[in-house]
Amino acid sequence: MLIGIIGGGQLARMLAQEGQSLGARFSFLVEPNEDSAPVEGLGEIVVHNAEWDNRTIFEKLGEPQVITTEREAVDTDLLQALSEFCRVAPDHHAVSVMKNRTNEKQFIESLNIPTAKFAIATTKQQVIDGAAKVGLPLIVKSSENGYDGKNQWRIKTDQELKDFIESYSDLEVIMEQWINFQTEVSMVATRSLNGKMAYYALTENVHQNGILLTSVAPATQWQKKFEQTAQSYMKTIMEKLNYVGTMAMECFIAGDDLLINELAPRVHNSGHWTLTGTECSQFKNHLLAIMGVTLGNTQAKAPTAMLNLLGKEFTEDKLPDSSTSLNWYNKKVKPGRKVGHINILHQDPEQVTQTLAELKNKVYLDD
Ligand code: ATP
Ligand code: MG
């Protein structure tokens, strides 16, 4: 089966790598300014030409049986148009809900699922009113084009609010209550074409400057209290959207509450541990779902962790032992850029924690 992927980054790369064992072939639609090195050698790379009509795009991709996306910042009209030629999963509606924070927040609220208090603003006056409604401290996020902590402003003081209001002009934003969370967790799940759900273990995440740094799974400390709730949120959301494929949900744990921070209509960085930590990774299950095949086993094999390589070169010879493995994305190293990750898998959870701490020091302190 030929699968067309929109995007040519590391998520597309890992999807294609995981698809080899399923006998799937791939083509990639990339933008002219996009670095497609991660998917080199994994299938046809098609550089999007703005003059092409939808049929031409479909033909250039080799007339795939299914089209999917590695990112939410995608033209949802194009997704809709392509669905006339083949299955597109997840579909344009699911992606349009999650690519825009305003849509996403309103969607979560409409399902009565807890999320941080928020206000939507598109004018200066609405920013002023929104701040009064939400209260300080707060965080402002642009409705679209935000990832890895980009296009976000953290506002703690009246002065910072004043400065923000002064500099603000006509950007659609959401203003969100600042949550003093105990920790951040996420869940990745896959829904099949016939509506079967497969959940991965609740995962605990640490971010640095808004970018994911480490994930540990299963999040044993929080599983008992929150895993079922997380699963029920995922089920409600995915059923409502008739979602097909893998999606991710990032949450805050605050007291007794599990609040959704954001959703992603795609495989997710906090699910990279599944490549070594489960029989069937988030990538493989995404492909099985969109191909219309029975989903695989998502059970965690053992305690596992993932360390992101953010702007840091790393080679296999630096790995401490066989409990660790390197996944390098074939990208040029630039400051802060996600260029690879290391997974750790060990029967002893303390060993996982210790190896993670050692590797973190090695990557980030040994310069
Ligand atoms: P991603 O790359 O995960 O898509 P993003 O740039 O879209 O990230 P968020 O996930 O919304 O942005 O925010 C990044 C991080 O900033 C969160 O993981 C969290 O650590 C922090 N953060 C975001 N919103 C809040 C909030 N309301 N209260 C406290 N911290 C927050
Ligand atoms: Mg996030």
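Throughout, numbering of the chain's residues begins at 1 and tracks the sequence. First listed ligand is number 1; within each ligand, the first listed atom is number 1.
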Taking the six-membered ring of F107 (Phe, Tyr or Trp), confirm whether the NZ or CZ of K105 is under 6.0 Å from its centre and within 45° of its axis.
no
Around K301, counting heavy atoms of other residues, nucleotides and ligands shown, do more than 12 lie under 6.0 Å from its NZ?
yes
Compute the shortest N/O to N/O distance between I179 and ligand 1 and return yes if it is under 3.5 Å, no if not.
yes
Tell me which one of E176, E72, K150, R101 gets a heavy atom nearest to atom 5 (P) of ligand 1.
R101
Kindly confirm or rule out an N or O of K141 lying under 3.5 angstrom from an N or O of ligand 1.
yes
Name the option, out of F252, F181, F118, that contains the heavy atom nearest to atom 25 (C) of ligand 1.
F252
Is it the case that ligand 1 has an N or O less than 3.5 angstrom from some N or O of R154?
yes
List the residues meeting side chain to side chain donor-acceptor pair (under 3.5 Å) with S192, not counting sequence neighbours, and say none if there are none.
N194
Ring pair (Phe, Tyr, Trp, His ring centres under 6.0 Å), paired with W153, selected from Y168, F164, W178:
F164
Of the options N343, N308, N205, T203, which is the one that meets S215 in a side chain to side chain donor-acceptor pair (under 3.5 Å)?
N205
Between N205 and ligand 1, which residue portion shows a heavy-atom distance shorter than 4.0 Å: side chain, backbone, both, or neither?
neither
Close approach, M98 and ligand 1, non-hydrogen under 4.0 angstrom:
no
Nearest non-hydrogen contact with atom 12 (O) of ligand 1 belongs to which option: Q152, Q177, E250?
Q152
Heavy-atom count around D256 CG within 6.0 Å, excluding the residue itself: above 12?
no
Nearest neighbour of atom 17 (C) of ligand 1 from the list Q208, E184, K117, H207, on a heavy-atom basis
E184
Give me each pair satisfying side chain to side chain donor-acceptor pair (under 3.5 Å) with a member in residues 283-294, each pair once, sequence neighbours excluded.
S21-K284, T68-H286, Y200-N285
